[in-house]
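To keep things clear, I will list the structure first and then write my remarks on it.
Numbering of ligands and ligand atoms starts at 1, following listing order.
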Amino acid sequence: MSMFYLPEKEEPLRKVIEAFPFPETLVGAVRYGCGHINDTFCVLCQPKEGDCVRFILQGLSQTAFPRQDEVMENFERVTDYLREQIAAQGGDPARETLTLLPTKDGRRYYTDETGKVWRLMPFIEGTDCFQSATQERFAAAASAFGRFQFLLRDFPAHLLHEPIKRFHDTENRFEKLLAAIEADKAGRAASVRAEIDFALARKEDCSAALNAQRAGVLPLRVTHNDTKLNNVLIDRETGRGLCVIDLDTVMPGLVINDFGDSIRFGANHAAEDEKDLSRVNFDIVLYEIYARSFIAGTQGGLTQAELEYLPWGARLMTFECGIRFLTDYLDGDVYFHTAYPDHNLDRCRTQFKLVRDMEEQFDKMGEIVHTIQKELQAGGNEK
Ligand code: ADP
Ligand code: GN1
Ligand code: MG
């Protein structure tokens, strides 16, 4: 590893890299991607013959995932299952789902001296990962996440751990916000009164989906739970949503949340941390495009109640994410990666702006789902 390039601040990674049997000459490793949770690196190797090969080396966040063994057990079970399903559908499992590459001593991942898990995966080449939507990209992501739901429809949910308890329990997220306001660990509460008031005024909303779940109206399914546009790799050649990644939160959940989290992140033209809120606007055209491809991608897998609640999924995931950013801001930025002191606050503000927009257009959001449903039924009857 003498000529190997590693930025000085990443020196601890050297030991991790040594745990894996990389082919031939290691060229370098650099931080990669825009995830807010894990430590992701791209490792470059030069084999004796042919082009350089890239790998993704990822260390799991110990803050987000206290039970790292459970995350990895889920990861393996889900990807093993997906590999079979993809092959059965005539797809290419090596490109359409993630694969773990073993350590030198034959383990499926490496655990460092702090207990942090590191996993190595082939870099899925010929794909792009986008931070903002166009109509084409958004439709591609929607089909991929809809298909993901379809492929996992019969996955035995009891085999899955719940790596983050109450992950999309919006009522509990609200309680955590109240606790963070009360504790005011970073001394920031007084400066974000407007954001706190915005959240407090929406306490009742937090129960909209949970009440329906408790009443047996919305079923639990195996869901992804983190369906941002940058958690799907899009095939550069075909433009298709090829591979759903970031599988650490796959667990039983509500399908409306998978729909909603995608809308939260993608159905607008500004970044999640845009400072100029006049640029942050919920785009109902993108919403419609996503809804059409997502519903089609599930291949008739959604119940009538799930379809009815899709708009709530969007509104709730956006609100919940806003209160999570606000909570982390009040806690002193301990959960999400941040690049500057007010980063979580800027993110919270974009989410709350989008919530306001969605509230204004809520009826229209429901009508759009109805229209799509009719279209798909008519299309189905024609066949
Ligand atoms: P986080 O939980 O921090 O968001 P992700 O698993 O989403 O971590 O990975 C971060 C980024 O790394 C992704 O957005 C994507 O750009 C890239 N990435 C992850 N796995 C792969 C892969 N197998 N091939 C290509 N790119 C990948
Ligand atoms: C995190 O890991 P990443 O960046 O794909 C977070 C999501 C949030 C999202 C906000 C495990 O997703 O829940 O919605 O940031 N993931 C976890 O951008 O907390
Ligand atoms: Mg991610």
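Remark: distances from the non-hydrogen atoms of A64 to ligand 2 are all 4.0 Å or more. Using a 4.0 Å cutoff on heavy atoms, Q58 counts as a contact of ligand 1. Ligand 1 lies less than 4.0 angstrom from a heavy atom belonging to P122.
Atom numbering of ligand 2 starts at 1 in the shown order; those under 4.0 Å from a heavy atom of K228 are 3 (P), 4 (O), 5 (O), 9 (C), 10 (C), 12 (O), 15 (O), 18 (O). Counting atoms of ligand 2 from 1 in the listed order, those under 4.0 Å from a heavy atom of N231 are 5 (O). For ligand 2, the atoms sitting less than 4.0 Å from at least one non-hydrogen atom of E272 are 10 (C), 18 (O), numbered in the order shown with element in parentheses. Counting the atoms of ligand 1 from 1 in the order shown, those under 4.0 Å from a heavy atom of C129 are 14 (O), 15 (C), 16 (O). The contact set between ligand 2 and Y335, taken as ligand atoms under 4.0 Å from a residue heavy atom, comprises 11 (C), 17 (C), 19 (O). For ligand 1, the atoms lying closer than 4.0 Å to a non-hydrogen atom of L233 are 24 (N), 25 (C).
Counting heavy atoms of neighbouring residues, nucleotides and ligands inside a 6.0 Å radius, atom CZ of R83 exceeds 12 of them.
Not one N or O of N225 is nearer than 3.5 Å to an N or O of ligand 2, by distance alone.
The heavy atom nearest to atom 8 (C) of ligand 2, out of those in R324, H36, E320, is found in R324.
Here N38 has heavy atoms under 4.0 Å from ligand 1 in both its backbone and its side chain. With a 4.0 Å cut-off on non-hydrogen atoms, D246 touches ligand 1 through its backbone as well as its side chain.
Counting just the N/O/S atoms of D246, the one with the shortest distance to the Mg ion (ligand 3) is named OD2.
Between the OH atom of Y290 and the CG atom of L310 there is a distance of 10.5 Å, given to the nearest 0.5 Å.
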